[in-house]
K.L.:
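Can you keep this structure in mind? I'll have questions shortly.
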Number of protein chains: 2
Amino acid sequence: MNEAFPNPAKNFCDTCAVRNRAICSELDNEEIVALNAIGQRKHLSAGEQLLWEGDEAVVVANVVEGMMKLSTSTIDGKEQILGLAFPSDFIGRPFGQSTPYTVEAMTDVLVCVFRRVDFDRFAREHPRLEHKLLERTLSELDRTRKWMLILGRMTAEQRVATFLLDLSSRFATADAGPTVPFGLQLSRGQIADVLGLTIETVSREFTKLKKAGVISLPNRREVAIEKREVLEDLAG
Amino acid sequence: MNEAFPNPAKNFCDTCAVRNRAICSELDNEEIVALNAIGQRKHLSAGEQLLWEGDEAVVVANVVEGMMKLSTSTIDGKEQILGLAFPSDFIGRPFGQSTPYTVEAMTDVLVCVFRRVDFDRFAREHPRLEHKLLERTLSELDRTRKWMLILGRMTAEQRVATFLLDLSSRFATADAGPTVPFGLQLSRGQIADVLGLTIETVSREFTKLKKAGVISLPNRREVAIEKREVLEDLAG
DNA sequence: CGCACCGTTGAACATGGTCAAGACTCGTGG
DNA sequence: CCACGAGTCTTGACCATGTTCAACGGTGCG
């Protein structure tokens, strides 16, 4: 059977869910084949780590399915989530010696992995890819800086409100009404790590918002925004 | 005199203090001339702003001399400094519609300014420049993420200690001894904005460190680190 | 000299963290 | 099907850290 002897040129990019959104989107077919040759797909279970803070930067990757977190922690063990990576997001540190943060799967994840040295070489030979990566890195920097304002200057209430609005926009489906519940994906503890708060504070803010009728919590892992304007006010 | 009729091809890059460190460092002479043609030098006095948060992204620039800050603020007026730009640093948002933060001179500043559209075009035509910019953006992202840990998880004492160590390394001259005082450049208020604290807390932490003999404050605008190891311990 | 401006210090207060107990959820096994 | 237990979430009481408000001190400049 043909399936037993797969065509070596056959590439998984053809059917890739993020083919048109990830950094590869600018590449033509020939380039995609070349890129495909140096990459490989990998499944990770929730909780598995792909990169460790401080380690040599061995691989870079594209997220195809699932959700990952980038994090770091203080010497006394307090974690801070630095960013979340969704499908089509690029992770890892190209052109660098060491990985400055840990990358872990928060759900089951499918990633498209490259050895960093291979990717670096490929990128330098394909300016269109580098340009795409630059645009992505610039956006990521913008998003990260916006997050700094949250961490540096916002109250717990403002942080939670901002977080909910942000998340809702990321999961928004055009056809869904405003109050359709969406999956939180993150545990209270993870939300706390994102926002630089504790579990207890996050929980209290959630209850406060629920009692005020601003949100509802149909179950532990979902939220629905009931009064978006109020939430926007609170977010500042 | 010739000075009255400067050669239009004459370019200020030749004598530029950051010629070998800024993103232009990879360009050959011909390219430098071309870049020079679309850029211009500009002096700013301390306190002058180059970009305003939310404005259309009109210009990008290289810092040649002096120090600038990138900042944003909450709706209720609390400022957060997002980053500092030193000579050879690149500022502004290429390939973007609007500037996501305000850029202001903290000292008198000399910058090399480009209209964003000109710069964007030039960059796309010169992959080596784009590559340099990408490397710089990636480093800046790393630095910004490190900063998030400070803002999200560190105590006032840890923040101030980290800040002092960071600053000392940026002003370190190889020949200077360990306890040579260095200029703070920033007012207490600005330090507070960098660290996500208030003026008063910063002041209190400084006095605490001084009383413990860890640092000394020869005058308002200088610090000397007396016991680096202790400071490193405190920074965590 | 006098007036700003910046920095320091103190006291009261508020926000969020810590610690501890109890409730809910869900998977496992009797 | 229910009981159990682990893990997660919620709630409460107390406490610590850093903020707020206010007064005062030093320094530099007109």
Side-chain angles (χ1 to χ4, degrees), chain A residues 45-47 73-74 76-80 106-107 150-164 181 183-212 215-223 234-236, chain B residues 46-47 73-74 76-80 106-107 149-164 181 183-212 215-223 234-236:
Chain A
S45 312
S73 49
T74 57
D76 46 323
K78 283 180 286 189
E79 181 177 351
Q80 175 65 50
M106 302 185 82
T107 62
I150 297 180
L151 295 177
R153 292 298 186 203
M154 288 193 179
T155 63
E157 184 175 64
Q158 290 175 315
R159 295 185 201 201
V160 171
T162 308
F163 171 79
L164 288 173
L184 270 178
Q185 312 284 37
L186 300 96
S187 72
R188 295 289 186 276
Q190 289 168 333
I191 298 173
D193 287 337
V194 168
L195 298 178
L197 297 170
T198 56
I199 294 185
E200 293 93 329
T201 304
V202 172
S203 178
R204 277 186 253 270
E205 293 300 329
F206 270 62
T207 352
K208 214 166 75 185
L209 290 172
K210 193 175 75 179
K211 280 186 180 151
I215 60 169
S216 56
L217 301 165
N219 63 58
R220 224 182 251 210
R221 287 270 159 163
E222 295 207 313
V223 227
L234 292 176
Chain B
S73 48
T74 56
D76 44 326
K78 283 180 285 187
E79 181 177 351
Q80 176 64 51
M106 300 184 83
T107 61
L149 181 64
I150 296 180
L151 295 177
R153 291 300 186 201
M154 289 193 180
T155 62
E157 184 175 64
Q158 291 174 314
R159 294 184 202 201
V160 171
T162 308
F163 171 77
L164 288 173
L184 271 177
Q185 312 283 37
L186 300 94
S187 72
R188 295 291 185 276
Q190 288 167 333
I191 298 173
D193 287 338
V194 167
L195 298 177
L197 297 170
T198 57
I199 293 186
E200 294 91 329
T201 304
V202 172
S203 178
R204 277 186 252 271
E205 292 300 329
F206 269 63
T207 355
K208 213 165 75 185
L209 290 172
K210 195 174 74 178
K211 280 188 180 149
I215 60 169
S216 56
L217 301 164
N219 63 60
R220 225 182 252 206
R221 285 272 159 162
E222 296 207 311
V223 226
L234 291 176

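If you're wondering where the values come from, they're calculated on a predicted model, not measured in any experiment. Chain letters run A, B, ... following the sequence lines, proteins first and then strands; every chain starts at 1. These numbers come from the heavy atoms of this one structure, side chains and all, not from hydrogens, waters or symmetry mates.
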K.L.:
Using chain A heavy atoms and a threshold of under 4.0 Å, write down where along DNA chain D the contacts begin and end, 5' to 3'.
P.N.:
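Both ends considered, the range comes out as D/dG7 to D/dA13.
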K.L.:
Using every non-hydrogen atom in the two residues, find where A/Asp193 and B/Arg153 come nearest and quote the distance to one decimal.
P.N.:
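Here A/Asp193 and B/Arg153 meet closest at OD1-NH2, 3.0 Å.
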K.L.:
Using a 4.0 Å heavy-atom cut-off to protein, can you give one letter per nucleotide of nucleotides 13-23 of chain C, 5' to 3': B if the base is in contact, S if only the sugar-phosphate is, - if neither?
P.N.:
---SSBB----
K.L.:
Is there a side-chain contact between A/Leu234 and A/Glu205, using heavy atoms and a 4.5 Å cut-off?
P.N.:
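Counting from C-beta outward, A/Leu234 and A/Glu205 never come under 4.5 Å.
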K.L.:
Does C/dT9 have OP1 or OP2 sitting under 4.0 Å from an N or O in the side chain of B/Thr207?
P.N.:
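Yes, because at least one side-chain N or O of B/Thr207 sits under 4.0 Å from OP1 or OP2 of C/dT9.
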K.L.:
Let me know the distance between CD1 of B/Ile191 and P of C/dC6, rounded to the nearest Å.
P.N.:
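Interatomic distance, CD1 of B/Ile191 to P of C/dC6: 13 Å.
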K.L.:
Can you name the closest pair of heavy atoms from A/Phe206 and A/Ile215 and give their distance?
P.N.:
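The answer is O-CD1, 3.9 Å.
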K.L.:
Distance check needed: C/dC24 C1' versus A/Arg221 CZ, whole Å only.
P.N.:
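In whole Å, C/dC24 C1' and A/Arg221 CZ are 14 Å from each other.
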K.L.:
Check whether B/Gln158 reaches the backbone of B/Thr155 with its side chain - one donor and one acceptor, N or O, closer than 3.5 Å.
P.N.:
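The answer is yes, because a donor-acceptor pair under 3.5 Å joins these two groups.
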K.L.:
If we check side-chain contact (heavy atoms from CB on, under 4.5 Å) with B/Arg159, which of these qualifies: B/Leu197, B/Thr201, B/Val194?
P.N.:
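That would be B/Leu197.
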K.L.:
Over how many whole Å does the gap from B/Leu186 atom CG to C/dC6 atom C1' extend?
P.N.:
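In whole Å, C/dC6 C1' and B/Leu186 CG are 14 Å from each other.
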K.L.:
I need the minimum non-hydrogen distance between B/Pro218 and B/Ser216, along with the two atoms involved.
P.N.:
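Closest approach of B/Pro218 to B/Ser216, heavy atoms only: CD-O, 3.3 Å.
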K.L.:
Just wondering, do A/Val160 and A/Lys208 contact through their side chains at under 4.5 Å, heavy atoms?
P.N.:
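No; the side chains remain at least 4.5 Å from each other.
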K.L.:
Could you tell me which non-hydrogen atom of B/Ala192 sits nearest to which non-hydrogen atom of B/Ile199, and how far apart they are?
P.N.:
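Nearest pair, atom of B/Ala192 first, then B/Ile199: CB-N, 3.7 Å.
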